[in-house]
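One structure is given here, and the rest of the page talks about it.
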2 protein chains.
Amino acid sequence: MDMDKYAVLLKTKGLKVTSPRVTVLDIFNQSQARHLSAEDVYKKVLEHEGDIGLATVYRVLTQFAEVGILVATNFETGKTTFELNEGGHHDHLVCLSCGSVVEFHDPDVEARQEEIAKKHGFKLINHSMSLYGLCSKPQCRESA
Amino acid sequence: MDMDKYAVLLKTKGLKVTSPRVTVLDIFNQSQARHLSAEDVYKKVLEHEGDIGLATVYRVLTQFAEVGILVATNFETGKTTFELNEGGHHDHLVCLSCGSVVEFHDPDVEARQEEIAKKHGFKLINHSMSLYGLCSKPQCRESA
DNA sequence: TTTGATGCAAATGTTTTGCATTGCA
DNA sequence: TGCAATGCAAAACATTTGCATCAAA
């Protein structure tokens, strides 16, 4: 089991090793979908793992994002989604029909963003770029 | 007064010319800040212009965005902001300290986005790119 | 007049918070 | 043991909706 790995990670971040936190880590590591909302995580908790209150799910997700275990992103859905922070920054392509998410990283764009910020006298801290469209699945293309 | 201009615009979009709709148009045209949330608009209504229900403000803003009079954007604030659609697409630089918003348009980035979408088999419909940082004001730079 | 627009209040969906209890360290 | 973490329910927001009334065309 990965429980020890989780425990080490949590301690590294200065967080106590508790059952809800380990469970949430496990959910993200097991999940097919990389991007999960608080509600998604809560549903998985109810289905498979122990029982954690929804409020705790929110608290854990927020904390994990603060310490860099997760990264939070706001798509146009009205709910925040979280994904494991695996180091490399990336942006998202989102299918407006089926909701699938593709990640990409483009150094050209990143460099250009720095230039743009500089030109306007801004010190760039972070950014979010999401491209919305229709993925290649036939049923998504037809929905146009 | 611009009332006639507003009436023409509304009719062009197939919308009845009603007092709430004219008021909202006027608010965006008078406003110092280009980007207003529903709550911002509602406050201005209460302060200056007649009285419109908050629900109507939401309905009008949503409709205006649908017909292209306004453009809706979701920053990381949890609330949707609207701005007049003056044709040219643009993206935003947002100051995390004072909240000021600078608009920019970068053809290089736009072109690159198309390439990225194509490479992943997506048909691009729209996108949102927001750069977050600190603007050049001393008090914002110090907040780091 | 007829259909669409509005106001109000209630409902919704997401996220946060207060507080008593529990459980790591 | 002590302080942080949790659960639960209530609160806080942002936004939407039902429905009776009102007004533009």
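In what follows, chains carry the letters A, B, and so on, assigned in the order in which the sequence lines appear, proteins first and then strands, with residues in each chain numbered from 1. None of these values were measured; they are calculated from a predicted model.
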Of B/Tyr58 and B/Leu15, whose nearest nucleotide on DNA chain D comes first from the 5' end? B/Tyr58
With the side chain of A/Thr56 defined as its heavy atoms from C-beta on, choose the nearest nucleotide among C/dT6, C/dA5, D/dT6. D/dT6
Quickly work out the A/Lys11 NZ to C/dC24 C1' distance and round it to whole Å. 10 Å
Nucleotide of D/dC8, D/dT15, C/dA5 approaching B/Thr18 most closely (side-chain heavy atoms): C/dA5
Answer yes when B/Glu114 and B/Lys123 have at least one side-chain N-carboxylate O distance shorter than 4.0 Å, and no when they do not. no
Report the distance from atom NZ of A/Lys79 to atom P of C/dT12, rounded to the nearest whole Å. 16 Å
D/dT6 C1' sits how many Å from A/Arg21 CZ, rounded? 10 Å
Please report the C-alpha distance between B/Glu115 and B/Arg112 in whole Å, then the side-chain angles of each, then the deciding distance to 0.1 Å, and finally whether the salt bridge (Lys or Arg N to Asp or Glu O under 4.0 Å) criterion is met. CA-CA 5 Å; B/Glu115 286 173 33; B/Arg112 200 76 194 91; 2.5 Å; yes
Per A/Ala38 side chain, nearest of listed nucleotides D/dT6, D/dA24, C/dT15: C/dT15
Can you identify which nucleotide, out of C/dA5, D/dA5, C/dT17, has its nearest atom closest to the A/Arg59 side chain? C/dT17
Of the candidate nucleotides D/dA5, C/dT16, C/dT15, which contains the atom at the shortest distance from the side chain of A/Thr62? C/dT16
Stepwise side-chain hydrogen bond (donor to acceptor under 3.5 Å, both in side chains) test for B/Gln30 and B/His48: CA-CA 11 Å; B/Gln30 301 297 318; B/His48 308 296; over 6 Å; no
Which of D/dA24, C/dT16, C/dG23 is nearest the side chain of A/Ala55? It is C/dT16
d(CD1, A/Ile52; P, C/dT21) in whole Å: 22 Å
